[in-house]
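Numbering starts at 1 and runs along the sequence shown.
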Amino acid sequence: MSNRPHILIFNPDQWRADVIGHFGNPAAVTPNLDRLAETDAVSFRAAFCQNPVCTPSRCSFMSGWYPHVRGHRTMFHMMQEDEPVLLKTLKDEGYAVWWGGKNDLVPAENGFDAYCDVKYVPEKRPRPETNLHGDDGWRGDPGGDNYYSFYAGKLEQAPDEEAYYDGDWAMVRGAIDFIRSAPQERPMCIYLPLLYPHPPYGVEEPWYGMIDRGKLPGRTPAPDWSKKPSLLKGIYDRQKLQGWTEDRWRELRATYYGMCARVDHQFGLVLDALKETGVYDDTAVFFFSDHGDFTGDYGLVEKTQNTFEDCLTNVPFVVKPPRGVPVKPRVSEALVELIDFPATVEALLGLMPGHTHFGRSLLPLLAGETDEHRDAVFAEGGRLHGETQAMELESTSMSSPSGLYWPRVGLQQQEGPEHTKAVMCRTRDYKYVRRFYERDELYDLRRDPMEADNRIDDPGLRDVLAALKERLLTFYMETADVVPLKANRRM
């Protein structure tokens with residue numbers, strides 16, 4: 001066997017960071033993550049994605065680039081053949097790369113051969129996979145208040161099934177089979193980009209009934225919309241959830257928590273397979289999501305593409321190094337970004353990156369040498385007026401009111417201020433959001449962790465605002481471009 005560690009990249013979709021037991025949430029059922037952080041790993045409480053929707057975030061954490069570096073700001077602008085992707089780097093380094101799950105990373109028309117040895121397609125089953133996006137009878141009447149809620153509730157599996165059959169279960173079982181039959185002469189990299197807990201919010205037993213509704217944290221109420229981005233108010237009006245009772249919101253949130261509990265269970269099954277085959281100690285494990293979810297906060301569900309509330313940008317990030325790499329298991333309060341993921345893999349393998357990127361290795365944090373890493377974290381999204389290529393006009397099914405994502409995508413496809421280009425600069429204590437076409441945002445997170453009171457015009461925070469603007473300028477100067485490492489011949 002190679003002396004390089006195996007790598008497990010377990011990547012659920014749309015899991016917000018606060019739904020974790022070891023972060024102190026009494027309603028979260030995450031025993032496998034909790035155990036890992038207690039015994040073998042570091043869990044980063046203050047980890048942030050670089051864009052709050054799927055494709056831009058994945059392009060970022062697989063390259064070490066912020067979205068602005070090469071314009072990866074939409075769901076339809078993926079990593080091109082000449083751009084760096086960690087999976088390709090690992091494959092080129094001799095890893096047997098197994099990819100099971102969604103894409104949202106590279107153009108499907110280009111194929112996957114450059115990025116993995118196996119792009120897993122499960123065998124067909126007698127009962128087809130149930131997709132809540134397509135099988136959407138749960139939505140009810142188009143005029144009702146559940147039509148855009150994403151709430152499906154309890155899912156019923158067939159009597160002969162162990163679990164409700166969907167793509168995530170198929171991918172997890174496929175990964176376990178691969179672990180048990182992996183080639184011994186090559187290190188393996190397993191990439192599991194699952195769909196859950198991405199809404200629609202629906203989950204089967206036992207996870208549906210596993211969540212104690214009485215322990216759920218309270219929701220962040222709808223704010224003064226005049227102080228918030230116009231996209232949020234537009235979605236709020238279109239989703240039509242204003243009449244929901246707290247009991248209904250509680251059920252929606254509990255279902256989302258149940259989806260997270262199911263993913264934690266699946267994560268545990270994969271860890272068990274690593275242990276059963278004797279390779280757990282020699283495996284580097286990375287668990288993180290691409291972004292978060294509103295889950296009822298601010299009276300909203302799903303996500304947005306250019307707002308940066310912590311429920312959207314703060315994500316789980318748990319790292320277990322392989323045997324021989326120092327680790328002090330704990331919850332770390334260090335500010336980290338998902339672009340630190342590829343830098344950490346490179347440091348573990350002793351690789352010199354073949355391109356300039358902006359990630360920073362987490363190995364000193366894993367060893368407990370420090371809990372200081374970054375002074376600020378950044379996320380960005382939206383577009384300029386006239387950037388029709390960034391309107392996501394390709395989302396044709398979402399462009400009419402019958403589309404599940406119409407409340408958001410329909411606004412993105414207009415030339416109003418809603419989809420304005422924006423960037424977040426967040427420190428431990430403050431969050432500043434610079435926006436084109438509408439009002440900036442400034443929050444004192446010590447006094448207002450729910451980001452309800454936009455204090456951009458508060459003279460008492462003038463110095464804070466000036467410092468954050470200066471920090472943002474430095475960020476853009478440092479990361480504005482990337483010069484190829486190989487120079488051209490001029491003569």
*Under the side-chain hydrogen bond (donor to acceptor under 3.5 Å, both in side chains) test, which residues partner Glu369, sequence neighbours left out?*
none

*Determine the minimum heavy-atom distance between Ala46 and Glu333, stating which atoms define it.*
CB-O, 4.0 Å

*side-chain hydrogen bond (donor to acceptor under 3.5 Å, both in side chains) against Arg70, all qualifying residues, sequence neighbours excluded*: Asp82, Glu83

*Report the residues that fulfil side-chain hydrogen bond (donor to acceptor under 3.5 Å, both in side chains) with Lys303, sequence neighbours left out, ordered by chain and then residue number.*
Gln14, His198

*Is a side-chain donor or acceptor of His355 paired with a backbone partner of Ser63 at a separation under 3.5 angstrom?*
yes

*Side chains of Met75 and Cys54: closer than 4.5 Å at any heavy-atom pair?*
yes

*With sequence neighbours excluded, tell me which residues meet side-chain hydrogen bond (donor to acceptor under 3.5 Å, both in side chains) with Ser43.*
His22

*Side-chain touch Leu87/Ile9, heavy atoms, less than 4.5 angstrom*: yes

*Residue pairs involving residues 411-434 (criterion ring-ring contact (aromatic ring centres under 6.0 Å, His included); sequence neighbours excluded)*: none

*Provide the full list of ring-ring contact (aromatic ring centres under 6.0 Å, His included) pairs with a residue in residues 370-400, sequence neighbours left out, each pair given once.*
Phe378-Phe475, His385-Tyr437

*Check salt bridge (charged side-chain N to carboxylate O under 4.0 Å, His left out) between Arg374 and all other residues, then give those that pass, not counting sequence neighbours.*
Glu337, Asp340

*asked:* Less than 4.5 Å apart, side chain to side chain, heavy atoms only: is that true for Pro322 and Leu348?
replied: yes

*Pair Glu387-Arg73, salt bridge (charged side-chain N to carboxylate O under 4.0 Å, His left out): steps then yes or no*: CA-CA 11 Å; Glu387 280 190 307; Arg73 285 189 273 118; 2.8 Å; yes

*With a 4.5 Å heavy-atom cut-off, do Tyr147 and Ser149 have their side chains touching?*
no

*Please test Glu246 against Arg219 for salt bridge (charged side-chain N to carboxylate O under 4.0 Å, His left out), starting from the C-alpha separation and ending with a verdict.*
CA-CA 9 Å; Glu246 281 305 315; Arg219 289 188 308 121; 2.5 Å; yes

*asked:* Give me the atom names and distance for the closest heavy-atom approach of Val97 to Cys116.
replied: O-CB, 3.5 Å

*Member of His68, Arg434, Gln50 meeting the side chain to side chain donor-acceptor pair (under 3.5 Å) criterion with Glu380*: His68

*Sequence neighbours left out, what pairs pass ring-ring contact (aromatic ring centres under 6.0 Å, His included) with at least one residue falling in residues 451-470?*
none

_Any donor-acceptor pair under 3.5 Å linking the side-chain atoms of His72 with those of Ser60?_
no

*Are a donor atom and an acceptor atom from the side chains of Asp310 and Tyr443 found within less than 3.5 Å of each other?*
no

*Backbone N or O of Asn32 within a donor-acceptor pair of the Asp264 side chain at under 3.5 Å?*
yes

*What distance separates Phe341 CZ from Met62 CE, expressed to the nearest 0.5 Å?*
5.0 Å

_Any donor-acceptor pair under 3.5 Å from Glu415 side chain to Gly386 backbone_ = yes

*Compute the centroid of each ring, for Trp207 and then for His265, and state whether the two points are separated by less than 6.0 Å.*
yes

*Under 6.0 Å between the ring centres of Phe150 and Tyr405?*
yes

*Identify, with sequence neighbours excluded, every residue that meets ring pair (Phe, Tyr, Trp, His ring centres under 6.0 Å) alongside Tyr151.*
none

_Thr313 side chain near Met424 side chain, heavy-atom distance below 4.5 Å_ = yes

*So, Ser57 side chain and Asp290 main chain: donor-acceptor pair closer than 3.5 Å or not?*
yes

*asked:* Please determine whether side chain to side chain contact (heavy atoms under 4.5 Å, CB included) holds for the pair Trp15 and Val315, giving the CA-CA distance in whole Å, both sets of side-chain angles, and the decisive distance to 0.1 Å.
replied: CA-CA 7 Å; Trp15 185 326; Val315 294; over 6 Å; no

*In chain order, what residues pass the ring pair (Phe, Tyr, Trp, His ring centres under 6.0 Å) check against Phe436, with sequence neighbours excluded?*
none

*For the residue pair Phe317 and Phe44, categorise the inter-ring angle as parallel (less than 30°), tilted (30 to 60°) or perpendicular (more than 60°).*
tilted

*Salt bridge check: are Asp40 and Lys320 linked by an N-O gap of less than 4.0 Å?*
no

*Could I get the full list of side chain to side chain contact (heavy atoms under 4.5 Å, CB included) partners for Pro229, not counting sequence neighbours?*
Leu232, Thr307, Arg435, Glu438, Glu441

*Please examine the side chains of Leu404 and Asp136, heavy atoms only from C-beta on, and report whether any two atoms are closer than 4.5 Å.*
no

*Taking all heavy atoms of Phe287 and all of Pro12, pick out the closest pair and write down the distance.*
CZ-CG, 3.7 Å

*With a 3.5 Å cut-off and no angle check, do the side chains of Asp293 and Thr295 form a donor-acceptor pair?*
yes

*Do Asp224 and Lys228 pass the salt bridge (charged side-chain N to carboxylate O under 4.0 Å, His left out) test, and can you show the C-alpha distance, the side-chain angles, and the key distance before you say yes or no?*
CA-CA 7 Å; Asp224 177 353; Lys228 299 290 281 186; over 6 Å; no

*Mind checking ring pair (Phe, Tyr, Trp, His ring centres under 6.0 Å) for Phe23 and listing every partner two or more places apart, or none if nothing turns up?*
none

*Can you see which heavy atom on Asn25 is nearest to which on Asp18, and at what distance?*
ND2-O, 2.9 Å

*Got a sec: does the CZ of Arg447 have more than 12 other heavy atoms crowding it under 6.0 Å?*
no

_Criterion salt bridge (charged side-chain N to carboxylate O under 4.0 Å, His left out) on Arg455 and Asp448, from CA distance to verdict_ = CA-CA 10 Å; Arg455 299 177 64 185; Asp448 178 27; over 6 Å; no

_CD (Glu38) with more than 12 external heavy atoms under 6.0 Å_ = no

*Has the side chain of Gln242 got a donor or acceptor atom that lies under 3.5 Å from a matching backbone atom of Tyr236?*
yes

